[in-house]
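Right, I'll just put the structure down here and ask away after.
These numbers were taken from a predicted model, which means no experiment stands behind them.
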Amino acid sequence: NVWTEVIPPADTHIISGKWVFNVKIKPDGSADLRARWVARGDTQRDYEYGDLFAASGDFTVARVIFALAAADGADIALMDVSSAYLHSQLTVDNPIYMRYPTGFQPSLPGSVCLLQRSIYGLKQGAHDWSEELRTSLTSFGFKPLISSPTTYHRISKDGTCTLGTHVDDFTVKGERSHPSASPIESFSHQLGSKYEFKSHDLSSPVRHLGWTIRSSPDGIHISVGDKIRKMALKYRVVDSNFISAPLPPDILARFSIANASQLSTTAFPYRQLTGELMWIATYARPDVAFATNVLARHMQNPGQIHWDAALQVLKYLFHSADLGLRYSSTDSSSFPVGYCDADWGRDPGDRKSVTGFVFLYAGSPIAWKVRRQPVVSKSTAEAEYIAASSAVCEALWLRHFFQEIGRPFSSPVKIYSDNAAAVRMAEHPVLHNRTKHIDIQVHHIRDEVRNGRVSIAHIPGSSNPADVFTTPLGPDLHLRC
């Protein structure tokens with residue numbers, strides 16, 4: 001019932017479509033050949049669609065769910081709905097006519113498709129599926145979280161169930177109320193009553209959201225090794241020598257004195273390579289987050305030195321392709337712990353500092369960020385204070401998320417900084433003459449410390465794992481972080 005065969009009225013606008021072919025590699029290495037007929041959204045007119053917004057899942061949420069499952073010894077399942085968009089009804093009042101798929105023989109000469117359901121390629125397709133999924137999950141007893149609208153939580157007689165969604169992919173964690181109960185199985189029966197879907201446990205390696213996920217008695221391991229190896233073949237670095245750090249310590253100075261020489265985008269696809277490296281750093285390799293941040297600063301006019309640096313990052317990843325995030329079932333931490341850091345004006349180009357922070361839970365990172373600060377800091381303490389403010393924002397989000405899934409924090413979120421002056425500034429309005437020019441939005445950190453939602457503590461620089469997010473380290477220091 002995706003469409004009905006009709007003779008269109010005269011002078012009716014008819015959108016076109018096209019075949020999309022894809023080869024999907026299964027975990028066992030075999031190929032799955034796929035073909036999908038999709039609408040060409042660029043041929044739609046404005047009266048053929050309405051609201052287009054659709055919230056997208058946050059990969060930080062998926063990592064938190066994996067970490068919680070490992071730490072709690074809870075059940076976890078990965079699901080994906082087949083042909084998800086075709087389950088959703090069109091939300092636009094005006095009819096949409098579409099040409100038949102190439103090669104299809106209609107029974108009525110001159111007929112076209114009158115769409116009854118949303119189809120892949122329509123501009124409103126993602127919105128319609130998002131509304132359909134929200135309605136279905138709400139009818140199953142799930143409630144969307146305020147802190148993450150694409151995450152749902154349910155408490156039932158079988159136990160609690162936390163569901164992270166990303167379009168048609170679900171990450172599901174279930175905690176049993178008693179040994180014979182199974183909240184995930186209960187949800188699977190409900191989901192199967194409305195949609196066709198595939199479900200995977202973690203008894204064998206599974207590909208999910210771009211990750212390769214493995215489970216063991218010690219915990220859950222996620223990595224992007226397959227993607228890295230494909231990139232190594234694509235950019236021809238498979239035969240490279242072993243590299244133990246993403247970038248050399250003096251890379252910023254070398255970039256600052258390099259002569260600008262525009263590369264051929266065909267022979268040297270710098271933007272494409274840097275974009276793929278950023279994807280890897282965002283998903284599962286925080287150890288190259290700073291390196292990709294540095295590379296991304298030179299998207300507009302990259303030179304040979306920038307291309308060589310990007311290849312070095314890829315070589316480093318290739319020789320450590322199977323490294324990833326391992327969430328341990330034996331870690332004793334009850335709540336996430338944060339670490340923040342900042343370099344002070346290290347980049348000779350504009351002297352803006354870099355903020356870096358990471359939050360660890362179940363023995364591995366669940367959230368991290370590398371970002372250049374919007375202003376030039378006048379001192380190390382000021383740069384570190386701004387970095388701590390950014391970390392506090394993430395800590396508050398984590399606090400709200402945990403509370404909404406029934407895991408309220410019993411104590412302030414601990415954030416460590418290796419700058420004693422910044423710690424004092426967060427706790428009290430000290431050094432007023434040196435801090436009165438700082439933007440008022442940064443000072444919210446003092447309110448959160450005073451209200452007991454976060455606490456800032458000092459840690460020696462040699463013990464701060466956030467150092468890798470702000471500084472190009474040598475091999476020994478990089479390995480330590």
Original post:
Between atom CZ of Arg371 and atom OG1 of Thr355, what is the distance when rounded to the nearest 0.5 Å?
Top reply: 8.0 Å
**OP:** Could you tell me whether Lys194 and Glu132 have a side-chain N and a carboxylate O separated by less than 4.0 Å?
**Re:** yes
**OP:** Output, in order, the C-alpha distance, side-chain angles, deciding distance and verdict of side-chain contact (heavy atoms from CB on, under 4.5 Å) for Leu78 and Arg207.
**Re:** CA-CA 9 Å; Leu78 312 174; Arg207 285 204 178 102; over 6 Å; no
Original post:
Taking the six-membered ring of Trp368, is NZ or CZ of Arg63 closer than 6.0 Å to its centre and within 45° of its axis?
Top reply: yes
Original post:
Counting distance only, does the side-chain N/O of His87 pair as donor-acceptor with the main-chain N or O of Ala84 below 3.5 Å?
Top reply: no
Original post:
Can you tell me how far the SG atom of Cys340 sits from the CD atom of Glu394, to the nearest 0.5 Å?
Top reply: 12.5 Å
Original post:
Any side-chain heavy atom of Tyr327 sitting closer than 4.5 Å to one from Tyr361?
Top reply: no
Original post:
Should we say atom CD of Glu5 is surrounded by more than 12 heavy atoms from elsewhere, each under 6.0 Å from it?
Top reply: yes
Subject >> Side chain to side chain, Phe290 and Pro246, heavy atoms closer than 4.5 Å >> reply: no
Original post:
Are any of the side-chain heavy atoms of Trp211 and Val206 separated by less than 4.5 Å?
Top reply: no
Original post:
Glu404: what forms a salt bridge (charged side-chain N to carboxylate O under 4.0 Å, His left out) with it, not counting sequence neighbours?
Top reply: none
Original post:
What's the spacing between Ile220 CD1 and Leu68 CG if we round to 0.5 Å?
Top reply: 10.0 Å
**OP:** With sequence neighbours excluded, tell me which residues meet ring pair (Phe, Tyr, Trp, His ring centres under 6.0 Å) with Tyr120.
**Re:** Tyr85
Subject >> Counterpart residues, salt bridge (charged side-chain N to carboxylate O under 4.0 Å, His left out), relative to Asp322 (two or more places apart) >> reply: Arg229
**OP:** List the steps and the verdict of side-chain contact (heavy atoms from CB on, under 4.5 Å) for Ser118 and Trp129.
**Re:** CA-CA 8 Å; Ser118 192; Trp129 165 244; over 6 Å; no
